[in-house]
Participant: 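One structure is given below, represented as structure tokens, and several questions about it will come after.
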Amino acid sequence: MAREACGTLRIGDEGRMVTLAGWVHRVRDLGGITFVDLRDGSGLVQLVFRDIPEAHDLSLEDVIRIRGTVRRRESPNPKLPTGEIEVVVEELEMLSKSKPLPFPVDTDEPRASEETRLRYRFLDLRRERMQRNLHMRHKVSLAIRNYLSTQGFVEVETPYLTRSTPEGARDFLVPSRLEPGKFYALPQSPQLFKQTLVISGVERYFQIVRCFRDEDLRADRQPEFTQLDLEMAFLEDPDELFTVIEGLVVHVFREAIGVELEAPFPRISYAEAMLRYGSDKPDLRFGMEIVDVTELFRGCGFRVFAEAVERGEVVRALPVPGAAVKSRSELKRLEERAVELGLGGVAWAKFTLEGVSSPIAKFTSEELLRRAAEKAGAGERDLLLLAAGPAGTVAEALGTLRVELARELGLVPKGAWALCWIVDFPLFKLDDEEGRIISEHHPFTSPHPDDIPLLETDPLKVRARSYDLVINGVEIASGSIRIHRRDLQERIFKLLGLTEEEAREKFGFLLRALEYGAPPHGGIAFGLDRMVMMLAGESSIREVIAFPKTATGACPLTGAPAEVTEEQLRELHLRLES
RNA sequence: GGGGACGUGGUCUAGGCUGGACUAGGACGCCGGAUUGUCACUCCGGAGAUCGCGGGUUCAAAUCCCGUCGUCCCCGCCA
């Protein structure tokens, strides 16, 4: 008789003889009667053993098969979907014994260190929460594939054994056995391949694909991670892509967690995001917008601010709702934090029923502070933080404080989703070490058409046709319209200090492809692990990856990375330094 | 590359500042027994740890110091 699903049995099944198999989730041995919660992929059901002595020998996580009769319970358990019934066991078959467990698997909160969990990942993944996360990931992938298929996208696989590229992250290398001294690299992303594909006539490409970057790890970074990679031919206006992606994201949220997002998502320029939120990935779930008050403090009595304005620096204000109650010591800590963030310090003003209280009031005036507060939308009971310095430093520091304070004060609404596009990133940035310009995104990013005349005259002012998708303050996707013309690509390479020869050496096949009729194109790539992490409500991507690595790139389950034999090394023409 | 936190029976942890009655305590799990309506079952009894590893200080180290390994978080890095 076929096995049935434990979790689907209901009162309507009363009286039926069923065959079930699964894991022993919990045992309650009362002597003459033993209750066992049996678990399979569908859920739990209570088994009742009466005259079966082997029931006393059951251990947690044994795998058993039983035959029994579904019966209405004397005392139902409202916590279980199957709580109205139980299965009276007539036959018990032990399929596989389990040793005592290193940690319990019947809890959502892990009761073991992460290292132990990873070493026994096969047990850790049995926990309902991890099963939920794996299913969530599957739902997201499925929703992506289904939606993109309806939009005419085709999933194409690209090589994992490819060529090392000089730009970007450190590559993972794979030695070639057949060509001594040569190496493959695992791709950091399929960037060049996907551009080649649209040039090849695959007008809408996507791929859910593993990417590899040999850099240090973080809670949201693994050496191998998964991207939703996507590219469209004849894409010249980012808005066209936004519409497609908004449709995709709305679909994914609906399918994965039943949330209806509102599209279109707000579009904010990089410059405006830096000004108002001090970040290129602003968290829009709460207000606390930073305002520029440079002009208010020009020539004011507080010399630190007045002199900063004279130097061409800025003064900006961050309103902190309800924080006028902060104590001296808390404010002191804030000042220290501001210094850590690169500011000279931070001035504050409290606005209460009694009036304005601020250490700089005597140098400026209450009136001036009130005007600053008004501009920032701060009122009674609020705190206003004021900082002066170079625009970039002030923006980033206040942006960090904005997020930290909002979290600390509980101003981030639970269950809220705030998405936005960040557009018009600068095309280049100054390389700190070498003092030359380098690509902000990558060298194939198209400049904004209006700014092309500035390329040679004022390159740092040139905006890119690139964009990020930000969800709740986390960068979740990033992309651009690409350059599809050789002449423009050559100008960009020249600006980056690359000779044609170097460019050909570094990016050869893409450049060749551009010479044979390349349509305008562009695309985007999502960090799938991060997106699933957010949808699952987890705070580490390791919780949504079946077999993740530790912070040193090790896998406690398999023991990777591991030594190899002399013979293996010899075949690869490798010798280790002692 | 740098900074910080942590490492104690199978698991999670108390003790650590202020070294000595710590003979290392608790909870869960495990083993034995009792138990016929439980659902985090309950009750009784028991086993199980040279306190990550190495060195040092000291009459004496889980405790202090140095080194090392591992884990986690952050900065750098991640076009």
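Numbers restart at 1 for each chain; the letters A, B, ... are given by sequence-line order, proteins then strands.
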Participant: Give a yes or no on whether a donor-acceptor pair under 3.5 Å exists between the nucleobase atoms of C39(B), that is its base, and the side chain of R73(A).
Facilitator: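 Check passes, donor-acceptor contact within cut-off.
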
Participant: Quick one: on RNA chain B, does P443(A) or K549(A) contact a more 5' nucleotide (nearest heavy atom)?
Facilitator: K549(A)

Participant: Hey, is the main chain of T116(A) close enough, under 3.5 Å, to the side chain of S113(A) for a donor-acceptor pair?
Facilitator: yes

Participant: Using only modelled atom types and a 3.5 angstrom limit, is any donor from either the side chain of E115(A) or the base of G7(B) paired with an acceptor on the other?
Facilitator: no

Participant: May I ask you to verify whether the side chain of R28(A) and the base of U42(B) hold a donor-acceptor pair under 3.5 Å?
Facilitator: no

Participant: Could you pull out the closest heavy-atom pair between I483(A) and L514(A), with the gap in Å?
Facilitator: O-CD2, 3.9 Å

Participant: Could you tell me the Watson-Crick or G-U partner of G7(B), where both distances fall under 3.5 Å? Say none if there is no partner.
Facilitator: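 Matched G7(B) with C69(B) under the 3.5 Å cut-off.
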
Participant: Quick check: do V36(A) and L58(A) have side-chain heavy atoms less than 4.5 Å from each other?
Facilitator: yes

Participant: When you look at R121(A) and D124(A), which way does the salt bridge (charged side-chain N to carboxylate O under 4.0 Å, His left out) test go after all the steps?
Facilitator: CA-CA 5 Å; R121(A) 193 60 156 180; D124(A) 191 45; 2.8 Å; yes

Participant: Looking at CD1 of I492(A) and CG of L427(A), how far apart are the two atoms once the value is rounded to the nearest 0.5 Å?
Facilitator: 5.0 Å

Participant: Counting heavy atoms from C-beta on, name the nucleotide in C78(B), C41(B), C39(B) closest to the side chain of N77(A).
Facilitator: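 Within the option list, the nearest is C39(B).
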
Participant: My understanding is that a pair needs two contacts under 3.5 Å, Watson-Crick or G-U wobble. By that rule, which nucleotide pairs with A24(B)?
Facilitator: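 A24(B) is unpaired by these criteria.
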
Participant: So if I take every side-chain heavy atom of L30(A) and compare against U71(B), C39(B), G37(B), which nucleotide ends up nearest?
Facilitator: G37(B)

Participant: More than 12 foreign heavy atoms under 6.0 Å from CZ of R163(A): is that the case here?
Facilitator: no

Participant: For a quick test of reading the model: is some side-chain N or O of T552(A) closer than 4.0 Å to OP1 or OP2 of U71(B)?
Facilitator: yes

Participant: Got a donor-acceptor pair under 3.5 Å from the side chain of R221(A) to the base of C77(B)?
Facilitator: yes

Participant: So what does E440(A) touch, heavy atoms closer than 4.0 Å: a base, only the sugar-phosphate, or nothing?
Facilitator: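 Sugar-phosphate: the residue E440(A), judged by heavy atoms under 4.0 Å, touches backbone atoms but no base.
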
Participant: Can you check whether Y467(A) and F242(A) have ring centres sitting under 6.0 Å from each other?
Facilitator: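 Yes, ring centres under 6.0 Å apart.
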
Participant: Nearest to the D37(A) side chain among C73(B), G37(B), C39(B), which nucleotide is it?
Facilitator: C39(B)

Participant: So which nucleotide does A61(B) pair with, by the Watson-Crick or G-U wobble rule with both distances under 3.5 Å?
Facilitator: none

Participant: Would you tabulate the pairs of protein nitrogen or oxygen atoms and nucleotide nitrogen or oxygen atoms of nucleotides 10-13 of chain B closer than 3.5 angstrom?
Facilitator:
residue	atom	partner	partner atom	Å
U11(B)	O4'	P102(A)	O	2.5
U11(B)	O2'	R111(A)	O	2.7
C12(B)	OP1	S113(A)	N	2.7
C12(B)	OP1	S113(A)	OG	3.1

Participant: Under a 3.5 Å limit for both distances, which nucleotide forms a Watson-Crick or G-U wobble pair with A47(B), could you say?
Facilitator: none

